[in-house]
Amino acid sequence: TAPVAAAASASAGAVVSLVASEESWAEVVNGTGTVVLQRLLQPGERVEFSAAPPYAVVLGNAAVVQVTLRGRAFDAAAIARNNVARFEAR
């Protein structure tokens, strides 16, 4: 159970956490305008960002990505159009 606890505590400090259950396009731009992620996420992959918020996030195939904002679940699929979600994480 220790690895699970470590993963949970790491996520708690992140502004944005993305976990893909299937392939999903992701683009994340930080508060300074730098593209910090722009690629296809693979099934089971987790990426986290916390250094320079706010983050502008675009997710393709949004329904297969679990999004957490500052430790709280966020339903990106609910705001998606044509399964593409665009949102800002502060």
Side-chain angles (χ1 to χ4, degrees):
T1 59
V4 173
S9 64
S11 296
V15 174
V16 180
S17 174
L18 308 173
V19 181
S21 61
E22 296 178 28
E23 284 189 348
S24 173
W25 173 256
E27 179 180 279
V28 180
V29 179
N30 71 15
T32 65
T34 302
V35 176
V36 291
L37 178 73
Q38 187 176 56
R39 64 179 172 81
L40 197 62
L41 298 178
Q42 297 303 310
E45 184 175 0
R46 171 192 296 267
V47 291
E48 296 181 337
F49 303 95
S50 59
Y55 295 95
V57 181
V58 179
L59 296 175
N61 200 12
V64 303
V65 181
Q66 177 186 339
V67 179
T68 306
L69 302 179
R70 294 200 180 271
R72 295 179 180 233
F74 176 74
D75 187 1
I79 62 159
R81 290 188 179 183
N82 298 318
N83 207 15
V84 176
R86 300 172 192 277
F87 59 93
E88 185 172 276
R90 297 176 177 266

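Predicted, not measured: the structure shown is a model, and the values here were computed from it. Throughout, numbering of the chain's residues begins at 1 and tracks the sequence.
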Validation row: [X], [Y] side chains within 4.5 angstrom (heavy atoms):
| X | Y | result |
| --- | --- | --- |
| Ile79 | Phe74 | yes |
| Arg90 | Pro53 | no |
| Phe87 | Val57 | yes |
| Val35 | Val28 | no |
| Ser21 | Gln66 | no |

Inset, instruction - Test Val16 against Leu69 for side chain to side chain contact (heavy atoms under 4.5 Å, CB included), laying out the working first. - result: CA-CA 5 Å; Val16 180; Leu69 302 179; 4.1 Å; yes
Check whether any side-chain N or O of [X] sits under 3.5 Å from a backbone N or O of [Y] as a donor-acceptor pair, and report yes or no.
| X | Y | value |
| --- | --- | --- |
| Asn30 | Thr32 | yes |
| Ser24 | Gly60 | yes |
| Arg81 | Arg86 | no |

Legend entry - ILVMFWY cluster, Phe49 and Val29 together (side-chain gap under 4.5 Å): no
Inset, instruction - Find the distance between OG (Ser50) and CZ (Arg70) and round it off to the nearest 0.5 Å. - result: 9.0 Å
Shortest non-hydrogen separation from [X] to [Y] and the atoms involved:
| X | Y | answer |
| --- | --- | --- |
| Asn83 | Ala63 | OD1-N, 3.0 Å |
| Val19 | Arg46 | CG2-CZ, 3.7 Å |
| Ala20 | Gln42 | CB-O, 3.7 Å |

Inset, instruction - Can you sort out the partners of Glu45 under salt bridge (charged side-chain N to carboxylate O under 4.0 Å, His left out), two or more places apart, ordered by chain and number? - result: Arg39
Legend entry - Test side-chain contact (heavy atoms from CB on, under 4.5 Å) applied to Glu27 and Leu59, Leu37, Val58, Val36, the passing residue: Val58
